[in-house]
Amino acid sequence: MMTVYLSHGLESGPGALKTQALKGVAEELDDCEPVVMDYRGMAEPRQRLLHLLKVLGERGDNPARCVLAGSSLGGWLSAAVSAQQPVLGCFLLAPALGLADYPETSPTIQARHTHIIHGWRDDVVAPGPVIEHARLQRLSLRMVDDDHRLHASLDTILIDFERFLRQCSANPKSDPVGSS
């Protein structure tokens, strides 16, 4: 069983459009269980990180069979967790990398499969640091003509997510950690 943890952004919640759309994709796949995280009431990134780590530990999921997916702060959380314990996959949407207010601005992603989608017109998380992070770690990156919310790119995101989950499921140990 592959477990997919879905983490929403700072100002959204578990019912957010992208989170629910990604959950729907995961539910359609055999041997895949989505877990939608709820960080409402936790304003600080470190609080959310500790909560996600706690849930991972309590559930007892094997990190080698976990995919962490998130948007903005949720993307940062996914990257930060993978920096502490290698996982099967990280699917990051406009991840909040390179922001000075976060405990770790550029966590080293340790996932067998990683894919990042970021908008050229993102005015919340500048594209430059995300592009540089992807370049330094040689991570899969798709830049789209969209803003931070990525709502205009939802169809592309869902297609990429399904392909990503299928890749993770089919090749859980084929790639070295950190590559895509």
For R40, is there an ion pair with D38 - N to carboxylate O distance below 4.0 angstrom? yes

What distance do [X] atom [atom1] and [Y] atom [atom2] have between them, rounded to the nearest 0.5 Å?
X: L158; Y: L22; atom1: CG; atom2: CG; answer: 6.0 Å
X: M2; Y: N62; atom1: CE; atom2: CG; answer: 13.0 Å
X: L52; Y: M42; atom1: CG; atom2: CE; answer: 10.0 Å
X: Y39; Y: L77; atom1: OH; atom2: CG; answer: 5.0 Å
X: L68; Y: Q85; atom1: CG; atom2: CD; answer: 8.0 Å
X: R112; Y: Q167; atom1: CZ; atom2: CD; answer: 12.0 Å

Is [Y] close to [X] at the side-chain level, that is, under 4.5 Å between some pair of heavy atoms?
X: R121; Y: D123; result: no
X: Y102; Y: L97; result: no
X: H133; Y: H118; result: no
X: S72; Y: L10; result: no
X: E104; Y: L49; result: no
X: Y5; Y: V81; result: no
X: V55; Y: R59; result: yes
X: L150; Y: S71; result: no

Start with the C-alpha gap between R65 and D31, add the side-chain angles, then the distance that decides, and say whether side-chain contact (heavy atoms from CB on, under 4.5 Å) holds. CA-CA 11 Å; R65 296 293 300 152; D31 202 34; 3.9 Å; yes

Quick check: closest heavy atoms across [X] and [Y], and the distance to 0.1 Å?
X: T114; Y: S140; value: O-CB, 3.3 Å
X: C90; Y: F164; value: O-CZ, 3.5 Å
X: P129; Y: G98; value: CB-CA, 4.3 Å
X: A21; Y: L154; value: CB-CD1, 4.1 Å
X: S12; Y: A16; value: CB-CB, 3.8 Å
X: S78; Y: G70; value: OG-N, 3.7 Å

If we ignore hydrogens and angles and just use 3.5 Å, is the side chain of K23 paired with the main-chain N or O of G15 as donor and acceptor? no

Side chain of Q110, backbone of V87: donor and acceptor closer than 3.5 Å? no

Would you sort out whether H115 and L92 count as a side-chain contact (heavy atoms from CB on, under 4.5 Å), showing the intermediate values? CA-CA 6 Å; H115 186 59; L92 312 175; over 6 Å; no

Cluster check I159, L165: I/L/V/M/F/W/Y, side chain < 4.5 angstrom: no

Does L50 belong to the same Ile/Leu/Val/Met/Phe/Trp/Tyr cluster as L73, with side-chain heavy atoms less than 4.5 Å apart forming each link? no

Run the side-chain contact (heavy atoms from CB on, under 4.5 Å) check on H113 and L88 step by step: do they pass? CA-CA 6 Å; H113 307 278; L88 176 58; 3.8 Å; yes

Taking the inter-plane angle between the rings of F161 and F91 on a 0 to 90° scale, is it parallel (under 30°), tilted (30 to 60°) or perpendicular (over 60°)? tilted

Surrounding [atom1] of [X] (heavy atoms of other residues, nucleotides or ligands, distance under 6.0 Å), is the total greater than 12?
X: E28; atom1: CD; value: no
X: R48; atom1: CZ; value: yes
X: R46; atom1: CZ; value: no
X: D30; atom1: CG; value: no

Identify the residue among P45, S7, P95 that makes a side chain to side chain contact (heavy atoms under 4.5 Å, CB included) with W76. P45

